[in-house]
Amino acid sequence: MLLVDLDQQGDASYSLVSDYDPSKTSYELLTSESVQVPAVATPVSGYLNLDLVPASLTLERVEVELAGVLDAQFILSDKLEAVKDDYDLIVIDTPPSLNVIVSNALTAADKLIIPVQADIYSFKGMATLAQRVKAIQRRSNPRLSICGIVLNRYNPRTNLSKAITEALNEVAEQFNTKVYRIYPKGCNGRERGAKRQTEPV
């Protein structure tokens with residue numbers, strides 16, 4: 001398995017590797033034409049057959065550096081194509097924004113999982129994301145499909161969580177997918193037991 005961390009916060013990277021070469025990251029993969037996946041993929045100790053392309057704080061500069069680059073959204077797709085037969089699964093972790101990095105990820109991916117918090121601000125971003133996904137499907141990646149929308153911090157005791165769930169169900173229908181709920185630790189144990197965390201809404 002290969003994990004490509006494109007989020008400059010690097011949570012996925014730091015949870016797996018405490019120390020790595022800062023000159024061998026996803027930033028170099030996206031911005032240097034000569035850098036290919038094997039040059040920046042780091043084997044993760046303690047895990048069998050897991051490689052990581054770690055994130056970097058310099059990812060914040062990608063938007064500027066790729067401005068004006070022809071077909072910039074295909075950079076990651078082209079580089080992953082060269083190693084796709086080396087891995088059973090390639091996972092791409094993206095930042096919570098809609099920029100050239102996310103466009104690269106959507107163009108390279110076959111399947112998309114959308115995490116959404118059960119609050120109004122996260123839901124408002126769904127409309128923009130839905131438009132971007134449809135545009136990617138039309139123009140650069142017709143094979144892209146949505147596996148599911150994962151609703152984090154769902155609290156069945158609040159009207160807001162219920163309202164957001166109903167609205168997300170409508171979005172999910174447009175993409176022929178489902179909404180899955182993840183309950184916070186504070187929820188009543190009986191409620192969690194009655195409804196598994198991965199149960200479709």
Side-chain angles (χ1 to χ4, degrees), residues 1-63 65-66 72-117 129 133 136 140-141 143-153 177-178 180-185 196-200:
M1 173 179 163
L2 174 66
L3 171 59
V4 181
D5 191 355
L6 298 179
D7 189 347
Q8 69 181 61
Q9 293 184 355
D11 291 341
S13 299
Y14 289 118
S15 67
L16 295 172
V17 180
S18 59
D19 187 26
Y20 54 83
D21 188 340
S23 67
K24 297 180 179 180
T25 71
S26 55
Y27 168 78
E28 285 74 28
L29 186 65
L30 290 175
T31 59
S32 178
E33 186 175 353
S34 62
V35 173
Q36 300 297 318
V37 172
V40 292
T42 302
V44 179
S45 61
Y47 293 85
L48 184 62
N49 299 325
L50 174 59
D51 289 345
L52 167 70
V53 177
S56 168
L57 289 174
T58 51
L59 282 166
E60 66 181 0
R61 302 205 304 255
V62 168
E63 191 81 21
E65 296 200 22
L66 295 185
Q73 74 271 22
F74 289 97
I75 292 174
L76 183 63
S77 177
D78 290 343
K79 294 190 176 184
L80 291 181
E81 180 70 21
V83 298
K84 69 176 184 179
D85 293 334
D86 297 335
Y87 298 98
D88 295 325
L89 179 66
I90 299 176
V91 176
I92 306 170
D93 185 30
T94 65
S97 57
L98 294 176
N99 53 25
V100 68
I101 291 177
V102 173
S103 293
N104 262 268
L106 295 176
T107 300
D110 294 317
K111 307 290 183 181
L112 175 64
I113 297 173
I114 305 174
V116 181
Q117 290 188 12
L129 176 60
V133 169
I136 292 290
S140 59
N141 186 6
R143 71 182 184 280
L144 178 65
S145 63
I146 298 178
C147 291
I149 300 171
V150 179
L151 183 59
N152 294 307
R153 301 179 183 178
T177 190
K178 297 179 180 179
Y180 299 88
R181 296 172 293 194
I182 296 180
Y183 292 79
K185 292 181 180 180
R196 295 181 179 179
Q197 292 185 358
T198 56
E199 178 187 2

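Residues take their numbers from the sequence shown, with the count starting at 1.
Contact of the Leu30 side chain with the Leu59 side chain is registered, since non-hydrogen atoms from C-beta on lie closer than 4.5 Å. The shortest side-chain heavy-atom distance between Met1 and Val91 falls under the 4.5 Å cut-off. Taking the side chain as every heavy atom from C-beta outward, Leu50 and Leu16 approach each other to under 4.5 Å. Put simply, the side chain of Val17 does not reach to within 4.5 Å of the side chain of Pro54, judged on heavy atoms. Put simply, the side chain of Asp7 reaches to within 4.5 Å of the side chain of Pro96, judged on heavy atoms.
Residue Asp21 places its CG atom among more than 12 non-hydrogen atoms of other residues, nucleotides or ligands, all under 6.0 Å distant.
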Item to check | Derivation and outcome, side-chain contact (heavy atoms from CB on, under 4.5 Å), residues Val4 and Leu80 | outcome: CA-CA 10 Å; Val4 181; Leu80 291 181; 4.3 Å; yes
Item to check | Check against side-chain contact (heavy atoms from CB on, under 4.5 Å), Tyr27 and Glu65 | outcome: CA-CA 10 Å; Tyr27 168 78; Glu65 296 200 22; 2.4 Å; yes
Next on the checklist: Show, in sequence, the C-alpha distance, side-chain angles and deciding distance for Val37 and Asp86, and conclude whether the side-chain contact (heavy atoms from CB on, under 4.5 Å) test is met.
Outcome noted: CA-CA 11 Å; Val37 172; Asp86 297 335; over 6 Å; no
Checklist entry - Between Ser56 and Gln8, does a side-chain contact (heavy atoms from CB on, under 4.5 Å) hold up when you go through it step by step? => result CA-CA 5 Å; Ser56 168; Gln8 69 181 61; over 6 Å; no
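Minimum heavy-atom separation, Tyr87 to Ala41: OH-CB, 4.4 Å. For the residue pair Ala12 and Ser15, the shortest heavy atom distance occurs at O-OG, 2.8 Å. The nearest pair of heavy atoms linking Cys147 to Lys111 is SG-CB, 3.3 Å. When all heavy atoms of Glu28 and Val35 are compared, the pair lying nearest together is O-CB, 3.7 Å. Heavy-atom minimum distance, Ser97 versus Asn99: OG-ND2, 3.2 Å. Counting all heavy atoms, side chain and backbone alike, Ser103 lies closest to Ile136 at O-CD1, 4.2 Å.
Considering CG of Asn49 and CG of Leu2, their distance stands at 12.0 Å, rounded to 0.5 Å. The CG atom of Leu57 lies 9.5 Å from the CD atom of Gln9; values are rounded to the nearest 0.5 Å. Note that CG of Asn152 is 13.0 Å distant from CZ of Arg181, once rounded to the nearest 0.5 Å. A distance of 12.0 Å separates CG of Leu98 from CD1 of Ile101, quoted to the nearest 0.5 Å. Annotation: the span from Thr177 atom OG1 to Ile114 atom CD1 amounts to 8.0 Å, rounded to 0.5 Å. Here Ile113 contributes atom CD1 and Ile92 contributes atom CD1; the two are 12.0 Å apart, rounded to the nearest 0.5 Å.
Ser26 places a side-chain N or O within donor-acceptor distance of the main-chain N or O of Asp5, the cut-off being under 3.5 Å. Under the 3.5 Å distance criterion, the side-chain polar atoms of Asn141 are matched with a main-chain donor or acceptor of Leu106. Of the possible donor and acceptor atoms, one in the side chain of Asn104 sits under 3.5 Å from a partner among the backbone N and O of Leu76. Distance alone, capped at 3.5 Å, is enough to place a donor-acceptor pair between the Tyr20 side chain and the Ala55 backbone.
In the model, Thr107 has a side-chain atom that pairs as donor or acceptor with a side-chain atom of Ser140 under 3.5 Å.
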